[in-house]
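Per chain, numbering begins at 1; letters A, B, ... match sequence-line order.
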Amino acid sequence: MNIHQQITSGIQKALDALYQIQVADSQIQLTKTKKEFEGHLTLVIFPFLKASKKGPEQTGDEIGKYLMENMPEIAGYNTIKGFLNLQIASNIWISLLNDIQSDKEYGTTKIENNAPLVMIEYSSPNTNKPLHLGHVRNNLLGYSLAEIKKATGNNVVKTNIVNDRGIHICKSMLAWEKWGEGITPENSGKKGDHLVGDFYVLFDKHYKSELAELQQKSMSKEEAEANSSLMAEAREMLRKWEAGDMKVVALWEMMNTWVYAGFDETYKQMGVNFDKIYYESQTYIDGKEQVQEGLQKGIFYEKEDKSVWADLTGEGLDHKLLLRGDGTSVYMTQDIGTARQRFNDYPINQMIYVVGNEQNYHFQVLSILLDKLGFDWGKDLVHFSYGMVELPEGKMKSREGTVVDADDLMAEMIQTAEETSRELGKLDDCSPEEAKKIVETIGLGALKYFILKVDPRKNMVFNPKESIDFNGNTGPFIQYTHARICSVLRKADEQKINIPEKISQTIPISEKEQNLVQLLSEFPQVVKDASNECSPALIANYIYDLVKEYNQFYHDFSILKETDNDKKLFRLMLSQNIAKAIRTGMGLLGIEVPERM
RNA sequence: GGUCCGGUAGCUCAGCUGGAUAGAGCAACAGCCUUCUAAGCUGUGGGUCUUGAGUUCGAAUCUCAACCGGAUCACCA
C-alpha cells in the first residue's frame with residue numbers, strides 16, 4: 001500500500017467522522033502539491049463544502065486537524081483557498097526509501113505462470129527498400145512497448161510480418177536481371193537491403209523514362225501506363241512467381257536473403273529483436289481460405305467478376321474487397337491469414353499491432369472482419385497507432401529523395417556523439433573499444449530518447465540538419481546523470497563507505513530529498529500507466545523530471561563531503577536508487593545507460 | 001463530402017479522469033568550473049493554451065460549433 005492510498009483512506013475516515021459522508025476513492029482529489037506551496041500532497045476540498053456547510057478555509061482546517069491527530073503519517077498542514085496541503089512525516093519518506101532499496105524488482109511486476117500472453121507485431125518492413133525514419137519510430141515504439149508489457153507482468157511475443165511478396169518485389173528483381181546481373185552485396189560492398197532498394201529505384205527511373213517516351217508519341221498518361229512494357233514484364237514475373245516458376249523463385253530467394261541480412265544488421269544496431277517472424281508469402285494462402293470459408297457461410301458476397309467483398313455498411317463503413325476477380329489476394333486477405341496462423345501458434349490473449357495511423361481504417365475493418373469470421377479475439381485487437389515523423393519541410397517523400405535512411409541516421413548520431421565527446425575530453429582515459437561502446441550508447445540513446453519522449457499518437461517533426469541536441473531533455477543528459485551517480489558510488493566504495501540495507505528513520509531530511517523520494521515512490525505507478533496507455537513517453541518524461549530534480553539537488557550538496565555520517569549514507573542510498581530507477585526506466589525504453597561517459 | 005486524429009512560448013514538446021500564478025528544453029541575454037564528471041546549475045525576457053459559445057464555485061483539460069493542419073475512404077501494401 002503506497003502513501004497515496006494510505007492518506008486517501010485516512011481522508012475517507014476523516015470525512016465520515018466530521019461530516020458523516022462516505023466518499024469513494026475516485027471522489028478524493030489528492031494530488032502532488034505544487035512547488036510554490038509547502039507540503040507534499042494536496043486535497044481539493046471544494047467537493048466537501050456542501051457536506052461541511054462551512055467555508056473552504058475552515059473546512060480544510062478541520063480536515064487537516066483531524067488527520068494530524070489521527071494519522072502519524074501527517075506531520076503538518078496548511079489551507080490556502082480551497083486547498084489543503086498535507087505534510088508527510090520525514091520518517092515515512094525514509095521508510096519508503098528503505099522499501100525501494102530492498103525491492104529487487106522495483107518498478108516491475110513478476111510474470112506469473114498463468115500470466116496473459118500479449119503478442120506485439122511491429123516493424124513490418126517491405127523487402128524492396130531499406131528501413132527509414134518512419135520504421136525507426138515503429139521499431140523503437142514496438143520494442144519499448146514489449147518491454148513495458150513484460151515489466152507489468154505479461155508474457156510477450158514480439159513478432160514481425162515481412163511483406164516479401166507482390167509486384168514491388170518483382171520490380172527490384174526485374175531491374176537486377178536487366179541492368180545488374182552478377183552484382184551482389186559482396187562484390188559491390190553494399191548492404192543487401194540498400195542494394196535491392198537501389199534496383200527498385202532504378203526500375204522506377206527506367207519506367208518513368210519509358211512513360212515519357214510513350215507520352216511523346218502522343219499517348220495519354222493512362223495509355224502510356226497501360227502500354228508500358230516494363231510494367232508488363234514485372235506483372236508477368238509476379239504471375240510466374242505465384243505459379244512457382246523455379247527460376248523466378250530462385251531469384252526471389254536470393255535477393256530476399258540479401259535483404260534479410262541487411263535488415264538483421266539494422267535491427268542489431270538499433271537493439272531490437274523478434275521472437276517469431278512471419279512472411280506474407282506463407283500466410284496469404286491461409287487468408288484466401290478464410291475468405292472462401294466466409295463466403296460459404298454467407299458472411300461475404302461475390303460479384304459477377306468473381307471478386308469477393310465484405311459488406312460493412314451495417315457498421316457504418318464501406319464495402320471492402322477481399323479477393324480480386326482473378327483470385328489473388330489483397331492486403332486485408334493476408335492480414336486475416338497471418339492472424340489465423342498466429343493464433344494457431346500461440347495462446348494469445350491480446351494482439352497489439354504497432355502500425356502507423358494512416359492505417360487506422362484498415363485495422364478498424366480487420367477487427368470487424370475477424371469478429372465476423374468467428375475469432376473471439378478479433379473485437380479486442382489493439383491497433384497501437386502512432387503518428388508520422390515529418391521533416392521540417394514536410395512529409396518524407398522517396399520520389400523527392402527526402403527519405404531519411406535508418407542506417408545513415410544511426411551512423412550520423414554516433415558520429416556526432418563521438419565528436420562531442422572528444423571535444424569535451426570525455427574519451428581521454430578510454431581504450432578505443434570502450435570509447436566505441438560509449439559513443440554508440442550515447443548516439444543511439446539520443447536518437448531513441450528523442451523519438452520516444454513524444455506522445456506516440458502525435459505526428460512529430462525531426463530536423464536532420466540540426467540533428468539532435470545532447471543538452472536538456474535528451475537521452476545523453478539522463479545517461480550523463482546516471483554516469484555521475486555511478487562515479488559517486490565508486491568513490492564512496494573507494495573510501496570504504498558501505499551503504500546499509502536500511503537507514504535510520506530519525507534522520508532529518510530536506511524538502512528536496514523528500515521530493516526525490518516521492519518521485520521514486522511514484523515510479524511503479526508510472527510504469528503501469530505507460531503499459532495501460534501504451535505510451536513509452538510517460539516513462540521518458542518521468543525519468544526526465546526525476547533527473548532534473550536530482551541535478552538541482554546535486555548542485556546544492558556535496559554528498560561525499562557531508563560530515564554527518566547518517567546523512568551521507570542517506571544521500572548515497574538515495575542516489576543509488578535514483579540510478580536504479582534510471583536504469584530500469586531507460587531499459588524499458590530500450591536505451592542503455594553507461595556507468596561512465 | 002464521410003470518418004478519425006491533432007492545434008499550448010520564435011522552434012521542439014510536457015501538462016488533458018476539470019483545481020492554485022499554464023511548465024521544460026532549444027534559441028537569445030546575464031552569471032557560476034579551488035565544489036562526488038560544466039553533456040551541468042542559477043537568473044532574465046518570451047503565452048488571447050486557434051476562435052466562439054456552453055456546462056460550474058472553477059476550463060488548456062469536458063460538450064457543441066467554426067477555422068486551420070494531417071490521415072483515410074484503391075482490384076497498393
Reckon [X] touches a base, only the sugar-phosphate, or nothing at all at heavy-atom distances under 4.0 Å?
X	value
A/V44	base
A/Q359	base
A/R490	nothing
A/A537	nothing
A/T42	base
A/Q479	nothing

Any luck finding a side-chain donor-acceptor pair between [X] and [Y] under 3.5 Å?
X	Y	answer
A/N139	A/S123	yes
A/T420	A/E423	no
A/N551	A/T481	yes
A/N473	A/Y449	yes
A/T8	A/D25	no
A/S385	A/N360	yes
A/Q359	A/Y331	yes
A/N515	A/E511	no
A/T159	A/Y122	no

Which nucleotide, if any, forms a Watson-Crick or G-U wobble pair with [N], using both distances under 3.5 Å?
N	value
B/rU17	none
B/rU42	B/rA30
B/rU63	B/rA53
B/rG1	B/rC73
B/rC11	B/rG25
B/rG47	none
B/rU37	none

[X] has a side chain; which of [options] sits nearest to it?
X	options	answer
A/N163	B/rA77, B/rC75, B/rA20	B/rA77
A/Y544	B/rA71, B/rA77, B/rA24	B/rA24
A/H168	B/rA14, B/rU72, B/rA77	B/rA77
A/K458	B/rA77, B/rU21, B/rC16	B/rC16

5'-most by nearest nucleotide on RNA chain B - A/V488 or A/L321: A/V488

Position toward the 5' end of RNA chain B (nearest nucleotide), A/K453 or A/S558: A/K453

Could you check A/L86, A/L43, A/L41, A/N85 and say which one makes a side chain to side chain contact (heavy atoms under 4.5 Å, CB included) with A/Y77? A/L86

Using side chain to side chain contact (heavy atoms under 4.5 Å, CB included) as the criterion, point out the one residue from A/T42, A/I80, A/N78 that pairs with A/F37. A/I80

Is there a donor and acceptor pair closer than 3.5 Å between the side chain of A/D455 and the base of B/rC13? no

Check: B/rA77 base within 3.5 Å donor-acceptor of A/S124 side chain: no

Other residues, nucleotides, ligands: >12 heavy atoms within 6.0 Å of A/K32 NZ: yes

A/E233 atom CD, neighbour heavy-atom count above 12 within 6.0 Å: yes

Separation of the [atom1] atoms in [N] and [M], to the nearest angstrom:
N	M	atom1	answer
B/rA60	B/rA9	P	15 Å
B/rU61	B/rA20	C1'	15 Å
B/rC41	B/rA59	C1'	36 Å
B/rC32	B/rA38	C1'	9 Å

Between the protein and nucleotides 56-61 of chain B, which nitrogen or oxygen pairs come in under 3.5 angstrom?
none

Nearest 0.5 Å, what's the CG-CE distance between A/L133 and A/M460? 7.5 Å

Does the aromatic ring of A/F83 sit over the six-membered base ring of B/rG19, closer than 5.5 Å centre to centre and tilted less than 30°? no

Sort me out a list of protein N/O and nucleotides 39-43 of chain B N/O pairs below 3.5 Å, or just none if empty.
| from | atom 1 | to | atom 2 | distance (Å) |
| --- | --- | --- | --- | --- |
| B/rA39 | OP1 | A/K426 | NZ | 2.6 |
| B/rA39 | OP1 | A/Y480 | OH | 3.4 |
| B/rA39 | O3' | A/N471 | OD1 | 3.2 |
| B/rA39 | N6 | A/S421 | OG | 3.0 |
| B/rG40 | OP1 | A/G472 | N | 3.2 |
| B/rG40 | OP2 | A/N471 | OD1 | 3.1 |
| B/rG40 | O2' | A/H555 | NE2 | 2.9 |
| B/rC41 | O4' | A/H555 | NE2 | 3.4 |
| B/rU42 | OP1 | A/Q552 | NE2 | 3.2 |

Separation of B/rG19 P from A/N85 CG (nearest whole Å): 16 Å

A/F363 has an atom CZ; how far is it from atom C1' of B/rA77, in whole Å? 11 Å

Assigned chi class of B/rC33 under the 90° convention is syn

Give a yes/no answer on whether the side chain of A/R324 brings an N or O atom under 4.0 Å of OP1 or OP2 in B/rC76. yes

Any N/O pairs under 3.5 Å between the protein and nucleotides 30-32 of chain B? List them or say none.
none

